[in-house]
Amino acid sequence: MKPFHYKAGVLHADAIPLNVIADTVGTPAYVYSATALRAAARRFYAALAEVPRKQIAFAVKANPNRALLHLLANEGYGGDIVSGGELVAALDAGMAAETIIYSGTGKTRAELAAALGAGIGQFNIELEAEGQLLASLAIERRLRAPATLRINPDIDARTHAKITTGRAASKFGVPVTEAIDIYDRLAALPGLDLRGIAVHIGSQIVDLVPLEAAYERVGELLSALRSRGHVVTHVDLGGGLGVSYRSGEPGADIEAYGAMVERVTRDWNVTLQFEPGRLIVAEAGVLLTRVTWIKPGAEHPFVIVDAAMNDLMRPALYDAWHDFAVVRPTGIRTIANIVGPVCETGDTFAQAREIDQVEGGDLAVLHTAGAYGATMASTYNCRALPAEVLVDEDQVAVIAERVEASAINRQRFAPWQRPGDAVGSHMEAQPGIA
Ligand code: LLP
């Protein structure tokens, strides 16, 4: 059974009709299918069946909801984190510390210390100074920090420019040309257990050729490091595999990826690590929304929905396509622009899109929204953060409450203001900042 499918003319998540969720939880809301999440997690494991030693760390940034992380931990996944906040999310979710890998360009002293204290499994070092700091923090704690050096292979992943990370001009990793010298120096530090290399060239990669080219470069570096006497036991191949956002367009061929990895790395004799994010969670989620108005337009009518760019930023940020599907389709097709209520023209989910005809009050979804959806939401326009709902067969639960912007309650009047003048305000003046 497909996780999101029509039954008696109504779109369901597993066994639950989406209109039931909309009526009880409200919209906009992200709805995730546990069935789909488990299936994707298992499919990736199965694709790597021929890889003898491996660790898979879900890229928490794609979706840090603890309920989903917990489910993935039960599927044998660790977490790939990029901040102190994601460290807390992964640990709270029940991911074992030793299954956590810390990637990311700007780790602070406090974040490194917290991760060391938690006893995480590996640090992927992005620059030499970070490695030196990590080594000194480890020595202070009488530890040796397990680490790899992330290299920048200077390979174009052939994906969207904003999510390309492996070109020489990008901020990620150390240049492959300098990697040996930096590795020699970091490996000599007693606070580090430098044990390998990491690479990640971008996201939403469908073409396996650039990935293979990057891995070949890693293989060359591996041989060069070993011939200099380094003991290399781990290689982190990153994430980046793309999914199909538009029906009819292919995602990455996961089984071909597994076969390519096995072929390229056959003689490496290391533990391979993977950091998939989107691949695991994108298709397991939809953004459920209700049509507010239909407004005539110059060329096509505007379908104004109650979700907006603050809930799902990908179309506004990357011109990303998300399939739009009506919860109770009429079968009458029409062409419309699908937009949110935010005051920007960029608040557009689709332009001149062929859809089933809808009217105010109807429900619809934006598909493939499980990755980089809820996590990138904001309260722009003082809008609420969307609710998140998990469905598992016939069970359903809210796994993140909708939070009204006013409920976040972090703003204060400056002490020299007179809040009493602001009629109806709930804010109080802060005592002066000492
Ligand atoms: N590992 C590292 C070091 C990363 O930087 C990323 C993603 C991943 C793993 C996971 O990549 P994935 O398997 O999900 O492609 N907000 C963008 C995507 C940003 C990806 C950033 N790094 C989007 O919505 O398309």
Side-chain angles (χ1 to χ4, degrees), residues 30 37 40-41 43-44 47-48 55-64 68 72 77-83 86 90 100-107 122-127 130 148-153 157-167 170-174 197-208 210-211 214 218 235-246 251-252 254 257 272-285 287 309 311-322 349 366-378:
Y30 280 91
L37 193 57
R43 183 175 169 204
F44 190 57
L48 296 171
Q55 294 173 349
I56 306 180
F58 173 68
V60 171
K61 66 171 81 67
N63 195 321
L68 304 190
L72 290 172
Y77 279 61
D80 164 51
I81 60 163
V82 291
S83 69
E86 288 190 353
I100 295 175
I101 298 176
Y102 196 167
S103 306
T105 39
K107 308 178 193 79
Q122 181 172 300
F123 294 82
N124 290 349
I125 296 170
E126 294 261 356
L127 70 162
E130 180 201 335
T148 67
L149 181 63
R150 178 171 177 184
I151 60 144
N152 182 326
R158 299 186 206 161
T159 181
H160 193 286
K162 287 187 184 167
I163 51 177
T164 294
T165 55
R167 296 300 309 275
S170 80
K171 68 178 176 178
F172 300 96
V174 301
I197 310 163
V199 71
H200 173 82
I201 61 169
S203 193
Q204 184 53 19
I205 302 170
V206 174
D207 178 358
L208 301 181
L211 282 171
V218 169
V235 172
D236 185 336
L237 295 179
L241 290 171
V243 299
S244 169
Y245 279 98
R246 187 172 179 167
I254 311 310
Y257 174 81
L272 287 182
Q273 299 164 314
F274 301 87
E275 303 172 349
R278 186 188 321 261
L279 178 72
I280 307 303
V281 76
E283 288 170 350
L287 176 57
M309 63 187 283
D311 303 300
L312 177 62
M313 259 176 82
R314 303 194 67 260
L317 199 54
Y318 316 114
D319 293 318
W321 178 289
H322 285 262
F349 290 121
L366 288 150
H367 272 294
T368 329
Y372 307 108
T375 184
M376 290 170 69
S378 76

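Ligands are counted one by one from 1 in listed order, and the atoms in each one are counted from 1 as well. Scope of the values below: all heavy atoms of this structure, side chains included, with no hydrogens, waters or symmetry mates. One is the number of the first residue; the rest follow in order along the sequence.
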(message) Among all the protein's non-hydrogen atoms, which is closest to atom 24 (O) of ligand 1, and how far away is it?
(response) Arg314 NE, 2.6 Å
(request) Mark up the atoms of ligand 1 that fall under 4.0 Å of a heavy atom belonging to Pro276, in ascending order. (result) 13 (O)
(request) Look at Glu86 together with Lys61 and state whether they make a salt bridge at an N to O cut-off of under 4.0 Å. (result) no
(message) At less than 4.0 angstrom from any non-hydrogen atom of Gly277, what atoms of ligand 1 do you find?
(response) 12 (P), 13 (O), 14 (O)
(message) If you compare all heavy atoms of Ala57 against all heavy atoms of Ile101, which two are closest, and at what distance to 0.1 Å?
(response) CB-CD1, 4.0 Å
(request) Mind checking whether Lys162 contacts ligand 1 via backbone (N, CA, C, O), side chain (CB onward), both or neither, at a 4.0 Å heavy-atom cut-off? (result) neither
(message) To check your reading of the model: name the closest protein heavy atom to atom 15 (O) of ligand 1, its residue, and the distance in Å.
(response) Ser203 OG, 2.4 Å
(message) Tell me whether Gly238 has any N or O atom under 3.5 angstrom from an N or O of ligand 1.
(response) no
(request) Show which atoms of ligand 1 fall inside a sub-4.0 Å distance from at least one heavy-atom site of Met376. (result) 16 (N)
(request) Could you pull out all residues at least two apart from Asp319 that satisfy side-chain contact (heavy atoms from CB on, under 4.5 Å)? (result) none
(message) Taking distance alone, with N or O pairs closer than 3.5 Å, would you say Glu275 contacts ligand 1?
(response) yes
(message) Using a 3.5 Å distance criterion without hydrogens, assess whether the side chain of Asn152 forms a donor-acceptor pair with backbone atoms of Arg167.
(response) yes
(message) For His160, which part has a heavy atom under 4.0 Å from ligand 1: side chain, backbone, both, or neither?
(response) neither
(request) Check Ser103 against Asn124 and note the closest heavy-atom contact, atom names and distance. (result) OG-ND2, 3.5 Å
(request) List every atom of ligand 1 that sits less than 4.0 Å from any heavy atom of Arg278, numbering the atoms from 1 in the order shown and giving each element. (result) 12 (P), 13 (O), 14 (O), 18 (C), 23 (C), 25 (O)
(request) Under the side-chain contact (heavy atoms from CB on, under 4.5 Å) rule, collect the residues that match up with Val243, sequence neighbours excluded. (result) Gln204, Tyr245, Arg278, Leu279, Ala282, Glu283, Thr368
(request) Look at atom 8 (C) of ligand 1 and say which protein heavy atom is nearest, naming residue and atom and giving the distance to 0.1 Å. (result) His200 CE1, 3.4 Å
(message) Please verify the inter-ring angle class for Tyr257 with Phe44; under 30° counts as parallel, over 60° as perpendicular, anything in between as tilted.
(response) parallel
(message) Donor-acceptor check, side chain of Ser203 to backbone of Gly240, threshold 3.5 angstrom: yes or no?
(response) no
(request) Number the atoms of ligand 1 from 1 as they appear, then name those within less than 4.0 Å of a heavy atom of Gly240, with their elements. (result) 11 (O), 12 (P), 13 (O), 15 (O)
(message) Below a 4.0 angstrom heavy-atom separation, can you tell me which part of Asp80, side chain or backbone, both or neither, approaches ligand 1?
(response) side chain
(request) Report the nearest protein non-hydrogen atom to atom 20 (C) of ligand 1: residue, atom name, distance rounded to 0.1 Å. (result) Tyr372 OH, 3.6 Å
(message) Could you check whether any side-chain N or O of Thr165 sits under 3.5 Å from a backbone N or O of Gly202, counting only pairs where one atom can act as donor and the other as acceptor?
(response) yes
(message) Among all the protein's non-hydrogen atoms, which is closest to atom 19 (C) of ligand 1, and how far away is it?
(response) Ile163 CG2, 3.7 Å
(request) Would you kindly say whether Gln55 and Gln122 are connected by a side-chain donor-acceptor distance under 3.5 Å? (result) no
(message) I need the nearest protein heavy-atom contact for atom 21 (C) of ligand 1: residue, atom name and distance, please.
(response) Lys61 CD, 3.7 Å
(message) Using a 4.0 Å heavy-atom cut-off, which part of Arg150 comes near ligand 1: side chain, backbone, both, or neither?
(response) side chain
(message) Within 45 degrees of the ring normal and closer than 6.0 Å to the centroid, is that where the cationic atom of Lys107 sits relative to Tyr102?
(response) yes
(message) Quick check: Leu279 and ligand 1, any N/O pair under 3.5 Å apart?
(response) no
(request) Considering heavy atoms of the protein only, find what lies nearest to atom 16 (N) of ligand 1 and give residue, atom and distance to 0.1 Å. (result) Tyr318 OH, 2.8 Å
(request) Output yes when a side-chain donor or acceptor of His322 lies under 3.5 Å from a complementary backbone atom of His367, and no otherwise. (result) yes
